[in-house]
Amino acid sequence: MPEDPDPPTTPPVPLPPNRYRDRRCGSLRARDIGSEVRLAGWVAAKRDHGGLLFIDLRDPVGPDAYLPAADGSPDGATGLQRGHHNARIVQLVCHPGSEAFEVLSRLRPESVMSVAGRVVGRPPETVNPKLATGAVEVDVSSVEVLSSADVLPFPVERDSDAGEEARLTYRYLDLRRGPLVERLAKRALLTQVARRHLASRGFLEVQTPVLTASSPEGARDYLVPSRLYPGEFYALPQAPQQFKQLLMVSGIERYFQIAPCFRDEASRADRSPGEFYQIDLEMAFATQDDVFREVELLFSEVVSNLTHKHAPAPYPRLRYADALARYGTDKPDIRFGLEVADVTAKLGGRTELPMFTEAPAKGHAVRALSAPGAAGRPRSWFDAFSESARALGIAGSWLQLPPDGSEKKGPLSRKLTEEEIATLASAAGASPGDAVLTCVGPPPSASVPLGQVRSALGLELGLADPEMLAFCWIVDFPMFEKNPETGGWDFSHNPFSMPQGGLQALLDKDPGDVVAYQYDVVCNGLELSSGAVRNHLPEVMERAFAIAGYSRERVARSFPALWNAFRYGPPPHAGIAPGLDRLFMLLEDQPNLREVIAFPLAQNARDLLMGAPAPVTPEQLAELHLQVVPPKKV
RNA sequence: GGACCUGUGGUGCAGCUCGGAGUGCACGCCGGCCUGUCAAGCCGGAGGUCGCGGGUUCAAAUCCCGUCAGGUCCGCCA
């Protein structure tokens, strides 16, 4: 036996021979020349020369696509060779006069067949380097058509665009095209890596109910009517939040679950309608730092197994208020600088310009952003900025610094002295050729319009390194926020978070000044997760809910399980729940969640493939004690 | 709840601003030719409620109103 010129990189997964096949198409190599083989698969392409017929036969997506490589390299699941479309194809050749020729020449693409034949070497000039099997082909001796395909709604083999509606309606064909299913294989690798890692860190995987009670806080619930109890409903969980806290009370040290979450809310590109998955974690006797360490370890394991991107750790921590001030958002993309400068102290009260002069007295901040090379932008660009600021109740203005140092332009150039202009430019870090945008408004939101410009510039100027995953922690979220309509206080995030300073902080401070042990993990401008050190003390919980206008009785009624459980020795605990779909979308550079989900809903929460939701029979309704009341026509 | 973009043979698009015969491109499909292609090639052909309804007009794919579908965003998402 000659030395194998093309050894497999991983131990082959066995393929027990049966009546359909004894080899995978993509496994054939020069070493197989002379073998009699039986293959099965889809007709990927047909090239009929009349006197000679070529067929590309394609395997189903096999273990090569989703088993980790022996060397642990990311390419194991994603590289061009293993698992890739072109690694699953072999060329069949068929000569005229045979029965097989007659059958095959009539067969349409994506039909399914089983063929028998002999592996032959290709003439050197016809070797195809694009195929893993390109050195050989199979000379067909017999063929059995297993199913024949109709004319396709869109091409399966070709890398062409298909409309979103067609892709969703014929999802199985879209999946068969390759990239999607290869992504699913990689997603399976992600969950495998996460499970293995978390188990090794002492996390116990526990499944929690999908049929549970409606919770009064948060998003709209999906409800399930009860047959046994007329007029009563289960709800699908928006997250296993209360269950995981109950598991802490149950004495479990560390819990995790790849948890389905259901929220009846409007969708976005990065927010799927209906349902999504979280890597849900909770730890007993844990601090914020403990949670951060575990998440950084988990993400580091996931990132190194799935991509070549850099993810610097430990992740920088930004206070919520600072993130808002410096980046104008609570989910900053920190892959590039372009930070907003606070120039209140430098300009406020020191110029003749009332907008700036009066700011400190009103408690307003003056913020500035240098837009690189923007001095020559059209008036409309500056107007769009000041318009978006005005919409937020913020005064926006600007200054243009021509590259040649000639006369400055923009509203501020006429109202500030040369010295003040120099102060502003230097504080913002602007040079000739740049423009300085300014905003004046209440500190929490004063930078928001500048943050929007910063994001747009980052994209436009290509400032963000696409090979970088810049994770960061946003910490110290406010516990409460003012409800503009009622004037009362609402929980700004999770009502079960522990206020920093505990009960004393709730008693002493203005509710607007109380910060919680509440944190987000953000990456490249995308919010991946929220988490918190939980409030496990009934008296603190009672006080927090009182500030938000909940009576003790109402808390007890709304959250009976936690309320009661916390009377019997709850340990301090903390957790987080990174969004699995969104994390994977980020790792894969996908523009929306449909690209990382096998069977996604359309934007309006309709399932175009299965036809859900759909009416049910009157009998079904009657059994559930339900009556449909059509919406009133306007 | 709101705003915007898109909808044209089976597929992807152009045509729409400035109304004038269903006009065009690429792919697919059907038929013919073809022994080394690999997204085969060449020749021929079929295939249309221009999403749907209404309006303006001598005349609407094109302009206006409504509606449906897909997408993006705002609100919403403790």
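Because the structure is a prediction, the values reported are computed rather than measured. Naming convention: chains lettered A, B, ... in sequence-line order (proteins, then strands); numbering from 1 in each chain.
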How is [X] classified with respect to the nucleic acid when contacts are heavy atoms under 4.0 Å: base, sugar-phosphate, or nothing?
| X | value |
| --- | --- |
| A:Leu152 | sugar-phosphate |
| A:Pro109 | sugar-phosphate |
| A:Phe54 | base |
| A:Pro495 | base |
| A:Glu157 | nothing |

Provide, to the nearest angstrom, the distance between the [atom1] atom belonging to [X] and the [atom2] atom belonging to [N].
| X | N | atom1 | atom2 | result |
| --- | --- | --- | --- | --- |
| A:Asn494 | B:rC77 | CG | P | 13 Å |
| A:Tyr222 | B:rC77 | OH | P | 15 Å |
| A:Gln278 | B:rC77 | CD | P | 16 Å |
| A:Ile55 | B:rG36 | CD1 | C1' | 15 Å |
| A:Lys331 | B:rC77 | NZ | C1' | 10 Å |
| A:Phe101 | B:rC34 | CZ | P | 11 Å |
| A:Asp139 | B:rU37 | CG | P | 17 Å |

When the [atom1] atoms of [M] and [N] are compared, how many Å lie between them, rounded to an integer?
| N | M | atom1 | answer |
| --- | --- | --- | --- |
| B:rC42 | B:rG28 | P | 11 Å |
| B:rC16 | B:rC64 | P | 14 Å |
| B:rU11 | B:rG48 | P | 13 Å |
| B:rC5 | B:rC63 | P | 12 Å |
| B:rG66 | B:rC73 | C1' | 23 Å |
| B:rU8 | B:rC13 | P | 8 Å |
| B:rC38 | B:rC27 | P | 14 Å |
| B:rG44 | B:rA61 | C1' | 29 Å |

Lys/Arg N to Asp/Glu carboxylate O, [X] vs [Y], below 4.0 Å:
| X | Y | answer |
| --- | --- | --- |
| A:Glu595 | A:Arg167 | yes |
| A:Arg171 | A:Asp174 | yes |
| A:Arg177 | A:Glu110 | no |
| A:Glu265 | A:Arg271 | no |
| A:Asp59 | A:Arg24 | no |

When every nucleotide of nucleotides 38-46 of chain B is labelled 5' to 3' by its protein contacts under 4.0 Å (heavy atoms), B for base, S for sugar-phosphate only, - for none, what sequence of letters results? BBB------
Encode nucleotides 66-76 of chain B as B, S and - characters from 5' to 3', where the letter depends on protein heavy atoms closer than 4.0 Å: B to the base, S only to sugar-phosphate, - to neither. ---SSBBSBBB
Taking N or O atoms only and anything under 3.5 Å, show me the protein contacts with nucleotides 6-8 of chain B, one pair per line.
none

Parallel, tilted or perpendicular for A:Trp473 and A:Phe292, by the 30°/60° rule? parallel
Over 60° means perpendicular and under 30° means parallel, so classify the ring planes of A:Trp489 and A:Phe480, tilted if in between. perpendicular
So what's [N] paired with, Watson-Crick or G-U wobble, going by both distances under 3.5 Å?
| N | result |
| --- | --- |
| B:rA69 | B:rU6 |
| B:rC13 | B:rG24 |
| B:rA40 | none |
| B:rC18 | none |
| B:rG45 | B:rC29 |

How about [X]: does its [atom1] atom have over 12 heavy atoms from other parts shown lying under 6.0 Å from it?
| X | atom1 | answer |
| --- | --- | --- |
| A:Tyr170 | OH | no |
| A:Tyr234 | OH | no |
| A:Tyr277 | OH | no |

By nearest nucleotide on RNA chain B, pick out whichever of A:Val151 and A:Val93 is the more 5' one. A:Val151
By nearest heavy atom, map A:Leu52 and A:Pro153 onto RNA chain B; which one lands nearer the 5' end? A:Pro153
Residues that A:Asp589 engages under salt bridge (charged side-chain N to carboxylate O under 4.0 Å, His left out), provided they are two or more places apart: A:Lys309
Qualifying residues under salt bridge (charged side-chain N to carboxylate O under 4.0 Å, His left out), relative to A:Asp264, sequence neighbours excluded: none
Residues in side-chain contact (heavy atoms from CB on, under 4.5 Å) with A:Ala135, at least two apart? none
Apply the test side chain to side chain contact (heavy atoms under 4.5 Å, CB included) to residues A:Lys46 and A:Arg108: give CA-CA distance (whole Å), side-chain angles for both, the deciding distance (0.1 Å), then the verdict. CA-CA 8 Å; A:Lys46 202 171 82 173; A:Arg108 267 195 292 265; over 6 Å; no
Between the base of B:rG36 and the side chain of A:Glu137, is there any donor-acceptor pair under 3.5 Å? yes
For A:Phe154 and B:rU11, do the ring centres fall under 5.5 Å apart while the planes stay under 30° apart? no
